[in-house]
Amino acid sequence: AATTQAATTQAATTETTTTVAATFETPATEPVPTTPAVTTAAPAWTTMTVSESTLLQSTLNTVTFNLRPNRDLAAGHVVTISGLTGCLTPDASNLAVGGPGAQRFGSSGTWTQSSGTLKLTIGAGQALVLSEVATVSVDLINAATTQAAVTPKISVSGSVYNIPEVPMVGSVLASSAAKWNVTLLVAGEVATFNKTKFVESVKKVTGADVEVVSVVAGSVRVTIRILTSETKEKTLAKILDAAEKSDTQEFLEILEVHVPDT
C-alpha cells in the first residue's frame, strides 16, 4: 500500500511540473513597426537647364530656361539668373518673358545689362512646383563681336525657401563670326530634296545656324552655310554625324569647305 501511495505522489508531482512548465512558455515575438524615412534634402533645383536659338552676332537670341525645384515655391519667391553678360539688350524693368511657363512670372521680368541679371518674381496665385518643369524664355541681343559662351547662375529668395546660387546646366550667348560654306554630295534627285528637313537635321546635330545656299542638279550638290563657335574640324565631324542620323537624305561625302565671300 505504501508503494502504491508513493507512485501516486510521484505521478502528481510530475503532472504539476509539466503544468508549470507549460504555463511559463515564452510568447511569440511580434514584428516591431518601422518609422518611414523622413526627407531632409535642402531646397534645390532638380532641373535648371539653359539653351539658345542662335549664335549670330547682333541678332535676337531666344534664351530658354527649364526650371524645376524640389520644393513648391509659392507667390512672392524671386528667381534670379545672373551672368548672362555680353549681350546688347539694355536695362528693362519689364522684359517680356515667353514660353509655356511665362504666366507663373506674370510674363515679364527685370533685366540688368551690366551684370546680365534676370529677376523673375512668381506672381499672385502662381507657383513653381516640384512635380513639373516650367519652361520660360527671353529674347536677348547677341554681342556684336566674337564672344565665348557664358554659364549663368541661378538662385531663389523668398519668405519660405531660399536656394543658394549655383551654376545652371548649359552655356549660352556665344557669338561668332566663324562661318564656312560646305558643299555636300547628297543622294536623290533635286525634285525630291526636302530643304527644310535637311537643314533641321544638320542643325539638330551641329547645334549651329545653318542655311542652304544652293542646290545643284545631278547628284544633288547642296551648299550650306554654317555659323558656329566650334572649330571647323569639330563642325565637320558633327555634319558627318548628322549624315548618319538623317532620316530625310543620305549624305555621300563632303566635297568642299571654304570661307564664303559674304
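The hydrophobic cluster around Leu88 extends to Leu60, Ile141, counting ILVMFWY residues whose side-chain heavy atoms fall within less than 4.5 Å of a member.
No side-chain heavy atom of Lys153 sits under 4.5 Å from any side-chain heavy atom of Met168. Two residues are said to be in side-chain contact when any heavy atoms from C-beta on lie closer than 4.5 Å; Thr62 and Glu52 fail this criterion. Side-chain contact check for Thr64 versus Val136: every heavy-atom pair is 4.5 Å or farther apart. A 4.5 Å side-chain heavy-atom check between Val133 and Leu67 finds every atom pair outside the cut-off.
Taking hydrophobic clusters as Ile, Leu, Val, Met, Phe, Trp and Tyr residues chained together by side-chain heavy-atom distances below 4.5 Å, Val166 shares a cluster with Tyr161. Linking Ile, Leu, Val, Met, Phe, Trp and Tyr residues whenever their side-chain heavy atoms come within less than 4.5 Å places Val150 and Leu118 in a single cluster.
The distance from the NZ atom of Lys119 to the OG atom of Ser108 is 14.5 Å, given to the nearest 0.5 Å. Taking CG from Leu173 and CG from Asn142, the interatomic distance works out to 6.0 Å, rounded to the nearest 0.5 Å. The line from NE2 of His77 to CG of Asp72 is 10.0 Å long, rounded to the nearest 0.5 Å. For the atom pair CG (Asn66) and OG1 (Thr47), the distance works out to 7.5 Å, reported to the nearest 0.5 Å. Taking CG of Asn61 as the reference point, atom CG of Leu84 lies at 10.0 Å (rounded to 0.5 Å). Here Ser53 contributes atom OG and Asp139 contributes atom CG; the two are 7.0 Å apart, rounded to the nearest 0.5 Å.
For residues 158-170, no residue pair satisfies the salt bridge (charged side-chain N to carboxylate O under 4.0 Å, His left out) rule, not counting sequence neighbours.
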### Query
Given the rule in the side chain to side chain contact (heavy atoms under 4.5 Å, CB included) test, do Leu128 and Arg104 qualify, once you have shown the distances and angles that lead to the verdict?
CA-CA 7 Å; Leu128 283 184; Arg104 301 175 192 269; 3.6 Å; yes
#### Entry: Step-by-step side chain to side chain contact (heavy atoms under 4.5 Å, CB included) determination, Ile154 to Phe65
CA-CA 10 Å; Ile154 186 170; Phe65 309 97; over 6 Å; no
### Message
The test is side chain to side chain contact (heavy atoms under 4.5 Å, CB included); show your working for Val50 and Val169 and say whether it passes.
### Response
CA-CA 6 Å; Val50 59; Val169 177; over 6 Å; no
### Query
Do Cys87 and Trp111 pass the side chain to side chain contact (heavy atoms under 4.5 Å, CB included) test, and can you show the C-alpha distance, the side-chain angles, and the key distance before you say yes or no?
CA-CA 12 Å; Cys87 64; Trp111 167 254; 3.4 Å; yes
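In this structure Thr80 satisfies the side chain to side chain donor-acceptor pair (under 3.5 Å) test with no other residue, sequence neighbours excluded. Residues passing the side chain to side chain donor-acceptor pair (under 3.5 Å) test with Ser51, sequence neighbours excluded: none. The side chain to side chain donor-acceptor pair (under 3.5 Å) test applied to Ser137 returns no partner, not counting sequence neighbours.
Considering every non-hydrogen atom in both Gly125 and Ala75, the closest pair reads N-CB, 4.1 Å. Here the shortest heavy-atom pairing between Ala127 and Ala74 reads CB-CA, 4.3 Å. Taking both residues in full, the closest heavy atoms of Gly86 and Ala143 are given as O-CB, 3.2 Å, listed atom of the first, atom of the second, then distance.
With hydrogens and angles left out, the side-chain atoms of Asn162 and Ser157 include no donor and acceptor closer than 3.5 Å. Between the side chains of Thr46 and Asn70, not a single donor N or O lies within less than 3.5 Å of an accepting N or O.
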Donor-acceptor pairs under 3.5 Å, side chain of residues 90-97 to any protein atom, not counting sequence neighbours: which ones?
{"from": "Asp91", "atom 1": "OD1", "to": "Gln113", "atom 2": "N", "distance (Å)": "2.7"}

